[in-house]
Structure formats: C-alpha cells, structure tokens
Amino acid sequence: MDFLNAIVLLLNYIFVPALAYGSQLALGAIFVTLIYGILRFANFASGDMMSFGTMVAVLFTWYFQSLGISLGVLPTALLAIPFAVVFMILYMLTVDKFVFSYYRIKKSPPVQLAMVSIGVMFVTQAIVRIIIGPFDRRFFDGEKFIMKANEFKEMTGLNEGLTIKSTQVLTIFVTITIVSILFWFLNKTKTGKSMRAYSDNEDLALLSGIDPKRVVMITWMIAGILATIGGVLYGLDKSFKPFTYFNNMLPIFAAAIVGGIGNPFGAFLGGYVIAFSEIFITYAYKKFFMYVLPESMEPNSLIQLLSTDYKFAVSFSILVIVLLFRPSGIFKGKVL
Amino acid sequence: MKQYANVITAYAIMIGLIILVGIFQSWNVALSILNFCLISAVMTMGANIQWGYAGLINFGIMGYTALGGLAAVLVSVPPVREAWQVGGLNMILCLGIIVLIVFAVRYVLKNFPKSNKRNIGIGSIILVGLIILRLVSEPAIESIEAVNPATTGFLGGLGLPIVFSWIVGAFFAGGLAYIIGKVALGLRADYLAIATLLISEIVIAVIKHEDWLARGVKNVIGLKRPVPYEVNLQSEPWFIDLVGKWNHGALDLISTTAEKKSALAQLVIESSSVFVKLCYSGLFLIVVVILLIITQKALYSPWGRMMRAIRDNEEAANAMGKNVVKQHLLIFILGSAIVGIAGAMMVTHDGLFTPGSYRPMRYTFLIWVMVIVGGSGNNFGAILGGFAVWFLWIEAAPIALFLINLFTAGFADTNVFKLHLINSVPYFRFLMMGIGLLLIMRYRPKGILPEKINIK
C-alpha cells in the first residue's frame, strides 16, 4: 500500500504537471526550431510572439463570454484559438514583410537577424502591454478538474490523492494532435518535403524549383499556429502575464537546443526533457521516502536537490552540459 | 577638425537636450538623467569592446551588472560580527571545498586520457563535492539568516569605502567572464548569445535566493556614499554661503530679512540635492574619461588592429599566427569587467541593492540597443548611444503623452480609448526603443556615429 501511495505521490506532483508543462514547452520549442531551421536565425521575439497570440485569444474569449457563448465543460478559449491564429499569422507575415525579408534577401549573417528580432521583441512587447496591460489575466472557464484528490482517495482508498486538472489533459491531448499533424505534414506532403529540403540546403532547393517565398510563408503560418496554441495552453494552465511569456522564452530556447536545433522532433522531446528535469530536481522527496523507507530510516530534511527558486537554473545547466558535450543536441540538429 | 564635426554636433545636441530638461523640468531630473547616461555609457563601452572590437555577442550584461552591484554591497557594508561567529567558519570551509573540487577536476583532466571513465570520475567528484558542500553549508546558512533577519541576516561586507567596489566589481565580473568564456566561447554567435543570456539568469537567481550573501530579495539599503549627504550639507556654513552667493541676484530682490532667510533656506534644500548629484556626475565623468582614453588607445594600438583582424576574418588572423581563442577570452573578460564597474557605480549612485530589479530587458537588451544605435566599434558612438537611448527611455513617457494628446485631441477626455492609451503611456518606451532599433538597423546599420578607422 505504501508503495502505491508513493507512486501516486510522484504521479501527482511530478509526472502530470511535468507532462503538461513539457507539452507547452514542446510547442514553443518546435516554433523556435522551425524558424531557426528554415529562416536561419534565433528568434528572440518568440516568447513575445506567443504572448501576442495569447492576448488575441484572451480578447476573443472575453468577447465570446460577453455574448454568452460557451463550450460547456470545455474552456471558451478553445473557440477563440482559430481567430487568434489568424491574427497571429497576419502579425507574423506583416513583421516578416517589413522587417525580416529585407535581411533575408540581402543574405545578412544570422547574428544581424537575431539583433533585428530583438527590435521586434521590443515592439511586440509594447503592443501587447499597450493593448492588454502588464497584469495577470485569467481567462479559464468551464470544468476545472477531471479528478479531484478527494474523489481519487475515495475511489482507491489510498492516502494520497491524484488531482488531474482538465487543462492538463487538454494540453497533452492538443499537443499530441498538433504535433502528429505537423510531423505528418513535414514528412508526407509535398509542401512539407519542400520545407525540409529548403532547410537542408537552400541552394539545392532553389535549383529544384522550390519557391522560397512560399516556403517562408508556410513556415510563418505553422509558426503562428504553434505559437498561439502553445501560448493559449500555457495561459489556460497557469495564467496570462506578458512578462512570464518573455521569461518562458529561455526554457523554450533551452528545449530547442537540447533537442538539436533545427530538428522538430528533437525540440518536441527537448521540451519534455527540460520540464521533467526542472521538476525532478526541484521536488522535495521527503514524503516519498517516508512511504518507501521503513519508519526507522525516515528522513528529517526535505531531501530536495535544489530549491524551487532555481527552477530556471536547472534547464540552463542542462543546456550548458549539452552544449559542452554534444553541441548538436541530443538528437542531431544543425551544428552551430 | 572637420572629421570630428559630426561627433561634436551629436554630443552638442545631446548636452543641449539635457540642459533643456534642466530648464523646463528641473535640474534635479536633468542631473539624474545625466548620471544614468554616464553609467550607461560605461556599460556600452564594455559591450562595445566585445561586440564592436571583437564581434563577440554577449547577452549576459545583466549578470555582470548585478555582480558589480554585489561587489558594492560586499565592500561597503560593515561586517556582521554575530553572523560571522555563528557561520563564518563553515562558509570559509565551503569556499575551501569549492577550490578543492576545482583543483581535483583539473588534476583529473590533466593526468588522465580522455575516456568515458574520466567523465564519470569528474562527474562523481563534482557530485560528492556538492553533497559535502550542502552538508557543511546548510546549518551555517540557517544560523546566519537567523541573525537579526529584519536588518541583517547576512555576512555583511568589509566596511571599506564604496568607491573600492568599482574595482572589486570589475574583478568579480571579469572572474565570471573567465568561467563563461572558458565554457561557451567556442560556440557560434547565436549560441553564445543564448548561453550568456541563460547564464546571466542563473547569476541573478543565485543573488536573489542566497540570502546569506546579500540578503537576496530583501534588498540591502542605506549603503555608504562617497559624496556628502544632503542633510549634512544643509547645515554646513560654507555651503549656505555658496548658495547665497550663487543666488545673490535673486535674493537681493527680496526686501525683508525674514523672507530672505526663508527663501535662502528653501534654496539650500533644493541645491543640496543638486550638489550631491553633481558630485556623482563628477565621479562618473572621471571614470568615463579614463575608460575612454584607455579604450581609444587600445583601438589604435597594434592590439586593436589585431582584434579587428580577428573580427573581420578569423581564419586569416589565425593563419597569421594570432591566437584567436586566447584573444577572444581576453576581450570577453575586459568588456565584462567594464560592465562590472558600471554595475557597482549604479548601486553606489542609488545607495541600495535590489536583486529583484535586475531584468534582461533593462540591463541586457537596452544596452544592446544603445550599442547598435550609437555605432558599434566606435567608442564615441557607443557613449552617444548610451546617452541618447537613456534620454529617450526616460523621456519617452512625456513624449508619448504629448503625442497621444495631440492625436486624440478630437476625443472627449472621458473617451475610453483615449483613457486606455493614456494609462498605458509607460509602455510606449518599449515601442520607441524597438522602432528606433529597427530603423537604425535598416537605414543606418553602422549606427549614428559609424566606426571610422584612420590609420595614422
């Protein structure tokens, strides 16, 4: 019984939250990695672009709520996502047309594009804050829990409860759907293959008649979908605050690089690697050992490898270690 | 002379703008803008050495700034004897353990051939070391933080004059840069950017959460000043005399002695804070001028030529026998050390250390905007960028308010749209910075004052 309790404890505090957080990171990391692989620059505006998409979704959610439209048990935000995606893609294409395309055509070095993306970051951040303000916004509605701790305890008779939030299940479900569609698109369709070809060798792709403008446009469209959905899912699970989104850029970058930048599948797994290690290392295992070990050996400290304050530091340390020993990432990406 | 015409014009405009602020807003505001402009100028010089001279991207400026600030605390605050008594020995022991770990790892690296076994060995040395470190430090940290937590709860510093911290801050930042450089300098540009950004976040996390070091987010306030305090100044006879002489034209117009006295007292209070700010400006100006002379000399020296050669074509410079890796590391340390000085200067000016206020937007990306806008590779350009961008950063809100009122003049004052815009005035500075950066990158990619190398 104690053993089961210990497992439920880990499931409740580590596995489920990490899976949800990892999914959110994974979507962001694929977004970063696609831009890096195809447009060939590190997009420092990615966190703020995600917050832009989420902002539009929040506004639409509020609008729908004021009209009295709702999805019942599901959050209304799901209904707002398609509209937000459209706005996000329009915004990205506008930015690309007026800012990035000039440098791309000039074939500027990637560093210069990264600098330019910092300008875009400033502008996007300003737009988001001017429109919706810098405060915490909650836009979740519908049924909050799929399983409450009490219900689980009653059901199984265990001491430990297992709480599953509906946003967590939603996040994991949506992420897996989106990512499978994306991989099918990249691997099976002609457009997807042309994108991969363009990413692999630009000159050769152009020679074989691939239209670069089309590739770039489709890349931004996919990026817009990923950024918006990733952002909305994160916002539903936690809350929407522009500054958090800017900060999230860091673990997202870490995930993309750990997985091998330019490699979407690597980025997908990288998100989970980062999320799991962050939570594994900062979790206090005291209770777990109380269940597993006999009473005489019970620990009296928290048994925490690192305090939760260093959550970010964990992902960065992993990044540094990966950079040192495998600069191309766990799954071979572009060697930088 | 002619070739310096644009430099002189640009600086004249900048000084003119600050004087205008002094006339229309207040001299207090103008001088605090000037002081922060000077601090920003030091930071941009540091970033410019790395980016402009050597082409190294460093997005970790925030980390070095914070280390400089930490140095200011550790140098100037008097030591907390009680805390040293309860936990000092253990903390020194910890330092010893860290040194021991480093030497053990170095020893293994040097004396064993590269293999998986060696990697595991190094890993286990570090792991065992960390566990011992944890066991030794945990009780000490707890007892240190328990010492009078409302006011101290940390080890305190050395109790020296705070100006020394400017040098110590440089060493702190340089030391961190050495470690980062050893680890990350081999990476290509955009990787280096991300790695440094992440490492600076780690530095901030450590400073924020290690309360025994500098009280963390509880902040250290009331640091000693290198300049007189306003309250003391106001009672100094020579200062009152000086203010009286300076303003005697205005004071002579007042007839009654009682009114004259009260007017003088008012003036003394106002001028005391201006005087203090002027003292700071003087100190900062000395630092800026010294650094400017050194960096200019370096730029035109054979070493500066070599750096430019490395920046423009690494392979060629390497083929000519220049040690690219070593030079990159050197310049990375030098630039970071200068940023460290700026960080210490800033804490000195504010008189308080607030780790919570270090955010990458303000301390990393804004500095980069300054360097790019001003002109990378040109010291005068970088300093001008620091001045211009900081000025805009501060004055953005009034400018935005003015523009909003201008464009929405047709709406009523209660209009929802207008009110919303006016409420979000503080965020227009981000918009201005972003658009400014984008425009400069597009139409004047070398900055306002581009790099100009005249070989003598």
Side-chain angles (χ1 to χ4, degrees), chain A residues 36 40-42 44-45 95 98-99 102-103 108-116 118-134 242-243 246-247 249-251 253-254 256-257 261 301 305 307-317 319-320 323-325 327 335-336, chain B residues 51 55 57 59 119 130 134 138 180 183-184 186-195 197-206 208-210 216-217 359-361 364-366 368-369 371-372 400 420-421 423-442 445:
Chain A
Y36 196 95
R40 297 190 164 74
F41 69 95
F44 282 94
V95 168
F98 287 104
V99 183
Y102 170 79
Y103 301 93
S108 302
V111 177
Q112 204 168 9
L113 272 159
M115 284 299 169
V116 171
I118 288 174
V120 175
M121 175 181 88
F122 269 99
V123 173
T124 315
Q125 214 167 73
I127 292 174
V128 171
R129 279 164 206 223
I130 287 169
I131 292 179
I132 204 169
F243 183 69
F246 166 72
N247 256 355
M249 177 182 87
L250 301 170
F253 260 115
I257 295 177
I261 201 156
S301 69
L305 289 174
S307 83
T308 33
D309 305 327
Y310 291 113
K311 223 172 138 194
F312 270 159
V314 174
S315 55
F316 307 159
S317 317
L319 177 77
V320 171
L323 282 181
L324 282 179
F325 292 103
V335 181
L336 296 172
Chain B
W51 170 243
I57 272 200
F59 276 181
N119 287 345
L130 285 181
R134 191 74 189 265
E138 204 150 6
I180 297 177
V183 173
L187 305 169
R188 214 191 61 181
D190 21 12
Y191 254 8
L192 182 63
I194 295 164
L197 185 64
L198 300 186
I199 292 172
S200 75
E201 287 281 351
I202 297 182
V203 172
I204 298 294
V206 170
K208 255 190 196 166
H209 301 303
E210 296 299 325
V217 282
R359 299 223 167 144
M361 273 320 252
T364 297
F365 294 117
L366 192 67
W368 271 94
V369 174
V371 175
I372 304 271
H420 182 86
L421 276 184
N423 280 336
S424 45
V425 152
Y427 314 113
F428 277 89
R429 51 163 65 154
F430 292 109
L431 195 66
M432 288 186 192
M433 289 301 127
I435 291 175
L437 179 69
L438 289 178
L439 288 179
I440 289 274
M441 295 272 315
R442 175 79 174 259

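First the proteins, then the strands, lettered A, B, ... as listed; each starts at 1.
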Pick one of side chain, backbone, both or neither for [X], based on which atoms fall under 4.5 Å of a heavy atom in chain A.
{"X": "H209(B)", "result": "both"}
{"X": "V369(B)", "result": "side chain"}
{"X": "L438(B)", "result": "both"}
{"X": "R429(B)", "result": "neither"}
{"X": "L437(B)", "result": "side chain"}
{"X": "L421(B)", "result": "side chain"}

Going from [atom1] on [X] to [atom2] on [Y], what distance comes out if it is rounded to the nearest 0.5 angstrom?
{"X": "I202(B)", "Y": "S315(A)", "atom1": "CD1", "atom2": "OG", "answer": "7.5 Å"}
{"X": "S424(B)", "Y": "I132(A)", "atom1": "OG", "atom2": "CD1", "answer": "12.0 Å"}
{"X": "Y102(A)", "Y": "M441(B)", "atom1": "OH", "atom2": "CE", "answer": "10.0 Å"}

So, for [X] and [Y], which heavy atoms are closest and what is the spacing to 0.1 Å?
{"X": "F98(A)", "Y": "R442(B)", "value": "O-NH1, 3.1 Å"}
{"X": "A42(A)", "Y": "I194(B)", "value": "CB-CD1, 4.3 Å"}
{"X": "L366(B)", "Y": "F122(A)", "value": "N-CZ, 4.1 Å"}
{"X": "F430(B)", "Y": "A126(A)", "value": "CB-CB, 3.6 Å"}
{"X": "A193(B)", "Y": "F44(A)", "value": "CB-CZ, 4.1 Å"}
{"X": "V123(A)", "Y": "I435(B)", "value": "CG2-N, 3.8 Å"}

Could you tell me whether a side-chain N or O of H420(B) sits under 3.5 Å from a main-chain N or O of I130(A), the two making a donor and an acceptor?
-> yes
Would you indicate whether the side-chain heavy atoms of [Y] and [X] approach each other to under 4.5 Å?
{"X": "M249(A)", "Y": "L197(B)", "answer": "yes"}
{"X": "F243(A)", "Y": "R359(B)", "answer": "yes"}
{"X": "Y427(B)", "Y": "I131(A)", "answer": "no"}

_Axial cation check for F428(B) ring with R129(A), 6.0 Å and 45° limits_ = no
Quick check on [X] against chain B: is it the side chain, the backbone, both or neither that has a heavy atom closer than 4.5 Å?
{"X": "L113(A)", "value": "neither"}
{"X": "L319(A)", "value": "side chain"}
{"X": "M115(A)", "value": "both"}

